[in-house]
Colleague: 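Have a look at this one.
For reference, positions follow the sequence shown, starting with 1.
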Amino acid sequence: MQPRRAFPPSALAKEVAVNTGADEEFDAFMRGRWPAMVRLAYALTGDVGHAEDLAQAAFARAYASWGRVRRAGDPDAYVRRIVINENRGRFRKHRVAEELRGDLADTAGGQQQGPEEQQALLDALRCLGPRQRAVVVLRYWLDLSEAETAAALNCSVGTVKSQASRALATLRKNATAPEGARGADIVEGGMR
């Protein structure tokens with residue numbers, strides 16, 4: 001009886017089987033970007049539970065294709081795109097009633113704001129649809145350019161401009177007269 005001939009493992013099998021460096025790299029990336037992705041998801045959903053679920057699903061998908069994410073050049077933008085797509089997917093699977101709540105002071109944006117300003121921000125965002133809210137959050141809260149926002153939303157720059165314009169018009173229209181100065185800061189000052 002002849003001994004079995006060992007077949008050389010493929011390069012992919014070697015990478016998957018013994019590449020703990022990629023796992024450590026992903027772990028470091030995820031730990032560093034988790035708060036930012038949860039904040040983005042919170043801005044899109046208005047609910048911490050949904051935000052954490054979206055971030056977790058996004059990082060799970062990124063881990064499954066970490067080699068491709070790493071080769072893309074900007075893993076942060078790649079995962080941000082996954083978060084946005086996961087949020088859209090919530091509405092495709094079944095209709096979800098959105099409710100933006102202002103009960104968590106430390107998760108909305110990372111800036112120190114009083115409860116009145118946070119409530120005004122959430123009230124202003126509540127009046128926007130999901131697409132306009134995504135454009136406002138990406139453009140003014142995350143301070144992305146129009147081109148970066150268009151790439152993240154998989155649409156044209158013109159769509160970003162028109163959605164931002166309509167969103168700002170809606171925010172201006174819904175700003176109340178006694179709180180006009182505060183509403184103007186939110187609309188004109190880029191979601192401060």
Side-chain angles (χ1 to χ4, degrees), residues 22-111 113 118 121-122 124-157 159-164 166-167 171 190-192:
D23 287 346
E24 292 171 1
E25 180 184 3
F26 178 79
D27 185 51
F29 171 75
M30 187 189 84
R31 288 179 190 273
R33 298 307 301 154
W34 177 262
M37 292 304 154
V38 170
R39 281 193 305 269
L40 169 63
Y42 179 77
L44 294 172
T45 64
D47 181 72
V48 173
H50 287 310
E52 289 175 346
D53 289 346
L54 285 177
Q56 183 177 8
F59 280 114
R61 289 184 58 185
Y63 178 73
S65 58
W66 182 242
R68 185 175 20 166
V69 172
R70 201 174 21 175
R71 286 189 305 270
D74 189 2
D76 189 44
Y78 200 101
V79 174
R80 187 171 43 239
R81 173 63 185 227
I82 295 173
V83 168
I84 293 167
N85 288 341
E86 286 290 323
N87 184 49
R88 285 184 188 166
R90 284 187 329 129
F91 296 102
R92 289 187 187 123
K93 293 175 187 166
H94 53 85
R95 292 291 172 188
V96 176
E98 286 189 306
E99 178 183 340
L100 293 178
R101 301 180 321 198
D103 58 350
L104 295 172
D106 61 327
T107 58
Q111 297 176 355
Q113 298 175 343
Q118 288 177 354
L121 175 63
L122 290 172
L125 288 174
R126 188 176 289 120
C127 68
L128 300 175
R131 180 83 166 191
Q132 288 180 353
R133 186 178 313 128
V135 168
V136 168
V137 167
L138 291 173
R139 280 283 293 134
Y140 302 110
W141 191 5
L142 293 180
D143 200 28
L144 297 181
S145 69
E146 290 170 342
E148 291 169 330
T149 302
L153 294 174
N154 195 25
C155 64
S156 69
V157 174
T159 300
V160 169
K161 289 179 180 181
S162 67
Q163 291 292 316
R166 289 178 185 148
L171 292 172
M191 306 297 283
R192 284 187 235 178

Colleague: Looking at residues at least two apart in the chain, or sitting in another chain, which of them share a side-chain hydrogen bond (donor to acceptor under 3.5 Å, both in side chains) with D76?
Modeller: R33, R80

Colleague: If every non-hydrogen atom of F26 is compared with every non-hydrogen atom of F59, which pair is closest and at what distance?
Modeller: CZ-O, 3.2 Å

Colleague: Nearest 0.5 angstrom please: E146 CD to K161 NZ, how far?
Modeller: 5.0 Å

Colleague: For A62 and V69, which heavy atoms make the closest approach, and how far apart are they?
Modeller: O-CG2, 3.8 Å

Colleague: Please name all residues satisfying side-chain contact (heavy atoms from CB on, under 4.5 Å) with A51, sequence neighbours left out, ordered by chain then number.
Modeller: V38, A41, Y42, T45

Colleague: In Å, rounded to the nearest 0.5 Å, how long is the span from CG of L54 to CE of M37?
Modeller: 12.0 Å

Colleague: Can you name the residues that form a side-chain contact (heavy atoms from CB on, under 4.5 Å) with R131, not counting sequence neighbours?
Modeller: R88, C155, T159, Q163

Colleague: Could you tell me which non-hydrogen atom of L128 sits nearest to which non-hydrogen atom of V136, and how far apart they are?
Modeller: CD1-CG2, 4.0 Å

Colleague: Return the set of residues passing salt bridge (charged side-chain N to carboxylate O under 4.0 Å, His left out) with R139 (not counting sequence neighbours), or none when no residue passes.
Modeller: none

Colleague: Specify the closest pair of heavy atoms between L125 and R133, including all atoms of both residues, with the distance to one decimal.
Modeller: O-NE, 3.3 Å

Colleague: How would you list, by chain and number, every residue that makes a salt bridge (charged side-chain N to carboxylate O under 4.0 Å, His left out) with R81, sequence neighbours excluded?
Modeller: none

Colleague: Does E25 have any side-chain hydrogen bond (donor to acceptor under 3.5 Å, both in side chains) partners at least two apart in sequence or in another chain, and if so, which?
Modeller: R70

Colleague: So which pairs with a foot in residues 48-64 pass salt bridge (charged side-chain N to carboxylate O under 4.0 Å, His left out), sequence neighbours left out?
Modeller: R61-E86

Colleague: Taking all heavy atoms of L40 and all of V137, pick out the closest pair and write down the distance.
Modeller: CD1-CG1, 4.0 Å

Colleague: Which is it for D23 and Y63 under the side-chain contact (heavy atoms from CB on, under 4.5 Å) test, yes or no, and what are the steps along the way?
Modeller: CA-CA 8 Å; D23 287 346; Y63 178 73; 2.8 Å; yes

Colleague: By ring pair (Phe, Tyr, Trp, His ring centres under 6.0 Å), which residues pair with F29, not counting sequence neighbours?
Modeller: W66

Colleague: Residues in side-chain contact (heavy atoms from CB on, under 4.5 Å) with A152, at least two apart?
Modeller: I84, L138

Colleague: Quick one: closest heavy-atom pair of A134 and L153, and the distance?
Modeller: CB-CD2, 4.0 Å

